[in-house]
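Just below is one structure, and these are the notes that go with it.
It should be emphasised that the depicted structure is a prediction, and the values quoted were computed from it without experimental measurement. Positions are given from 1 along the sequence. Counting starts at 1 for both ligands and their atoms, following the listed order. Side chains are part of it too, since the values below use all heavy atoms of this structure and drop only hydrogens, waters and symmetry mates.
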Amino acid sequence: MSNRPNILQPSDIRIDDRYIIFFEGSVVVRGAKYVWELGDLDPAELVLGALVLVEDEGEALIAVDAQNDFSKDLNADLVSVRSLLRNNPEVVLQTVGKANQLVEWYQQHQYCGKCGEKTIPRSTERALECIPCDRHYFPRINPCVIVLVRRNEEVLLAKSARLNSDFFSCLAGFIEVGETPEQTVEREVYEEVGLYVKNVRYIFSQSWPFPSQLMLGFIAEYRTGELVLQADEIAEAAWYELGKLPNTPSSAVSVAGRLIEYANQNR
Ligand SMILES: [Zn+2]
């Protein structure tokens, strides 16, 4: 990080800064344009919202948590981060998603959770500080596991009971306090579909900004047990032969899609 503060004041703004603008959690987008320059914007409107530094290499990128919806002034639309993901996976996962998480962190830590005092940004690191308590609030990442269960040439795919999607995907869950990711894999698979697994193997990971997960991708082998679905989590689950899979998530977008692709390539 540079010596610029992470939370900027109007006087910190520079002529070549670039902006991603959020209004009530949505992004201001015009066609393919989601990064704005000072020339596009009314600086008086801009500085009414919070200005959070996202990246500071070359021309700085700043996330603006706007107080007013000025998308119409820019002839632009308000778009959810999730819907932006469909056509721009790299952009969302690397830039817009990070900006969105930083804006959310800043909004949600304006006051100390212990004493209720107003927090202030630290100048030396990305943290909000409560001076009376000497507590620092950093942006929080929530680790999750996502796991593809294999049984010889078959994989277990499930449809979520909560997400309204047509995809059959891997099982996933948050890591609980005190667990290793491998223990989470074993627990989640048992809780969601009633199976025991073995040879839990880490494959790859991905930042998933909905709202702030770190997805750790695993492949595990079926050990024993019969499918018993957890009704409030899993609408449908079954074994599918590799090469004859139903509708699965795109490998360009999600670690689930990449795990399925990996299994297909490593039969
Ligand atoms: Zn405090």
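The shortest distance between side-chain heavy atoms of L41 and L74 falls below 4.5 Å. Side-chain atoms of L156 and L227, non-hydrogen and from C-beta on, do get closer than 4.5 Å to each other.
Between the side chains of E179 and T184, a donor-acceptor pair is found at a separation under 3.5 Å.
Expressed to the nearest 0.5 Å, how far CD1 of I146 lies from CD1 of I203 amounts to 12.5 Å.
Within the hydrophobic cluster formed by Ile, Leu, Val, Met, Phe, Trp and Tyr side chains joined at under 4.5 Å, directly or through other members, I120 is accompanied by I131.
Classified by interplanar angle (parallel below 30°, tilted 30° to 60°, perpendicular above 60°), the ring pair H109/W105 is tilted.
For the Zn ion (ligand 1), the nearby protein N/O/S atoms, meaning those under 2.8 Å, are C112 SG, C115 SG, C130 SG, C133 SG.
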